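Below is one structure; the comments refer to it alone.
Model, not experiment: these values are computed from the prediction.
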Amino acid sequence: MNPSPAFANFVLFADGPSLFDDYFTELKKAKHHIHILFYIVKDEGIGQEFLTILKQKANEGVEVRLLLDWAGSLPIILNFKLRKELRSHGIQLAFAHTPTFPFLFYNVQARNHRKISVIDGKVGYLGGFNVGPEYINLDRKLTPWRDYHLKVNGEGAHTLQSVFLQDWADASNQLISKTEKYFPEDITKGSVEHQFKVNDGAFLKEEYIALIENAEQFIEIGTPYFIPDVEVMQHLLSALTRGVKVTIMIPYTSDHFLVKEASHRYLRPLLKAGAEVYEYKKGFYHAKAMIVDEVAVVGTANFDKRSFFLNDEINCYSEDLHFHKELSEVFHKDLANAEKLQYQDISGFNLKRQGKELLARCVDLFL
């Protein structure tokens with residue numbers, strides 16, 4: 001399901017405190033419905049504040065539907081008391097990709113990694129942020145947390161609504177009619193032409209390859225996990241061969257075991273071929289973005305095999321000049337807080353690093 005191009009007004013957030021201040025304000029203004037899909041919601045700190053707002057709005061008679069990924073929000077699934085409390089306030093709660101037979105292994109590995117919110121069918125959000133203390137800079141190791149998240153006002157909110165309703169139906173077996181109350185007609189068109197592309201464990205790789213193949217000047221990639229497959233690598237190397245400048249930004253500090261070492265075998269040939277790789281050092285870099293010539297992409301997908309082949313993702317593609325400039329400025333601001341990685345930094349004999357790389361190579365699809 002890839003909806004047609006639409007128009008909207010965008011606000012790009014790159015830090016958690018400003019995002020959640022705006023997000024919570026919009027949630028509190030909801031009159032009819034709140035539809036939310038997150039990969040992770042933690043029942044602590046800002047997560048408790050978030051759930052309290054949802055309970056208050058449900059008590060006011062607002063329809064509240066909260067869809068969480070089964071694996072990402074497992075602690076909430078295991079907290080029977082919390083789930084009962086949320087439902088007692090009228091919150092409708094469902095979990096995506098709950099393990100079921102006969103496809104148990106796939107269900108355990110698949111993730112709904114989309115982070116979508118729709119408020120009254122008019123205001124939408126999507127991007128890299130989840131809900132937990134680390135996302136507002138309260139994790140000592142990962143602070144400050146750097147991420148990109150879009151606020152969408154206009155036709156794009158209807159697109160996000162359609163994606164949410166389909167995901168809700170898949171997870172809850174509850175089909176919701178696409179009536180005017182969920183798709184209000186009195187909606188501002190907006191000025192930024194864009195297209196949301198929805199991926200359910202397929203076709204994301206092909207979309208990225210098409211962008212890379214058509215690149216003439218530059219390719220800029222921001223991702224917390226750089227674990228592409230062989231075909232994507234071939235196209236990146238081919239782009240370098242024809243003179244396209246390739247810039248990749250990844251975090252210096254890792255938030256998951258082995259993901260940094262998993263990237264090394266892909267980064268080495270790119271560095272040798274002339275790509276520039278930067279490690280973000282002012283906190284943790286979790287943003288998901290690509291800028292390829294005139295095309296700007298931001299969304300939920302990482303540049304890794306899990307997003308290519310397993311996860312449900314959603315990205316926003318736009319050639320709007322103002323949005324392209326804004327995303328580029330944010331990307332290059334972060335690049336100024338990154339340090340250039342050299343080939344020798346990840347090459348040569350290092351028993352610990354090479355041991356981790358060997359282990360990572362065996363499991364990099366699932367990292």
Going by atom types alone, do [X] and [Y] pair a side-chain donor with an acceptor below 3.5 Å?
X    : Y    : answer
Q161 : H35  : yes
N112 : H97  : no
N199 : E207 : yes
D21  : S18  : no
Y125 : D22  : yes

Item to check | Partner of V64 by side chain to side chain contact (heavy atoms under 4.5 Å, CB included), out of I53, L54, I36 | outcome: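 Going through I53, L54, I36 one by one, the side chain to side chain contact (heavy atoms under 4.5 Å, CB included) with V64 is satisfied by L54 alone.
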Can you give me the closest heavy-atom contact between [X] and [Y], atom names plus distance?
X    : Y    : result
D320 : S191 : OD1-O, 3.9 Å
G156 : A6   : N-CB, 4.4 Å
V198 : N2   : N-OD1, 2.6 Å
D120 : H32  : OD1-N, 2.7 Å
G127 : T300 : O-CG2, 3.4 Å

Residues that [X] engages under side-chain contact (heavy atoms from CB on, under 4.5 Å), provided they are two or more places apart:
X    : value
A215 : I219, R242, V244, V292, D293
E134 : K42, D139, W145
A287 : D147, Y148, Y285

Checklist entry - Can K115 and D69 be said to form a salt bridge (Lys or Arg N to Asp or Glu O under 4.0 Å), step by step? => result CA-CA 10 Å; K115 299 99 173 176; D69 181 76; over 6 Å; no
Next on the checklist: Starting from L258, can I reach F308 by hopping between I/L/V/M/F/W/Y residues whose side chains sit under 4.5 Å apart?
Outcome noted: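 Yes; tracing contacts between hydrophobic side chains, which count when under 4.5 Å, links both residues.
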Checklist entry - Are L82 and L78 connected in a single hydrophobic cluster, I mean Ile/Leu/Val/Met/Phe/Trp/Tyr linked by side-chain heavy atoms less than 4.5 Å apart? => result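 In one cluster: yes.
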Next on the checklist: Using 30° and 60° as the class boundaries, would you call the ring planes of H194 and F196 parallel, tilted or perpendicular?
Outcome noted: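 Because their plane-to-plane angle is over 60°, the rings of H194 and F196 count as perpendicular.
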Next on the checklist: Can you classify the ring geometry of F303 versus F226 as parallel (below 30°), tilted (30 to 60°) or perpendicular (above 60°)?
Outcome noted: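 Parallel.
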Flag side-chain contact, heavy atom, 4.5 Å: [X] against [Y]:
X    : Y    : value
I46  : F50  : no
H113 : L310 : no
K333 : R146 : yes
M249 : E220 : no

Item to check | Step-by-step salt bridge (Lys or Arg N to Asp or Glu O under 4.0 Å) determination, K141 to D255 | outcome: CA-CA 9 Å; K141 177 185 176 185; D255 68 331; over 6 Å; no
Item to check | Under-4.0 Å salt bridge between K151 and E26 | outcome: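 Yes, this pair counts.
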Checklist entry - Any ion pair linking E276 and K340 (charged N to carboxylate O, less than 4.0 Å)? => result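 Yes, this pair counts.
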Item to check | With sequence neighbours excluded, residues passing ring-ring contact (aromatic ring centres under 6.0 Å, His included) with F24 | outcome: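 F24 satisfies ring-ring contact (aromatic ring centres under 6.0 Å, His included) with F20 only.
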Checklist entry - For F183, which residues count as a ring-ring contact (aromatic ring centres under 6.0 Å, His included) partner, sequence neighbours excluded? => result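 Checked F183 against ring-ring contact (aromatic ring centres under 6.0 Å, His included); matches are H158.
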Checklist entry - Under 6.0 Å between the ring centres of F129 and H286? => result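 That pair fails the under 6.0 Å test.
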Checklist entry - Are the aromatic rings of H149 and F13 close, with centres under 6.0 Å apart? => result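 No: the rings miss the under 6.0 Å criterion.
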Item to check | Residues forming a salt bridge (Lys or Arg N to Asp or Glu O under 4.0 Å) with K31, sequence neighbours excluded | outcome: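 In terms of salt bridge (Lys or Arg N to Asp or Glu O under 4.0 Å), with neighbours along the sequence ignored, K31 is linked to no residue.
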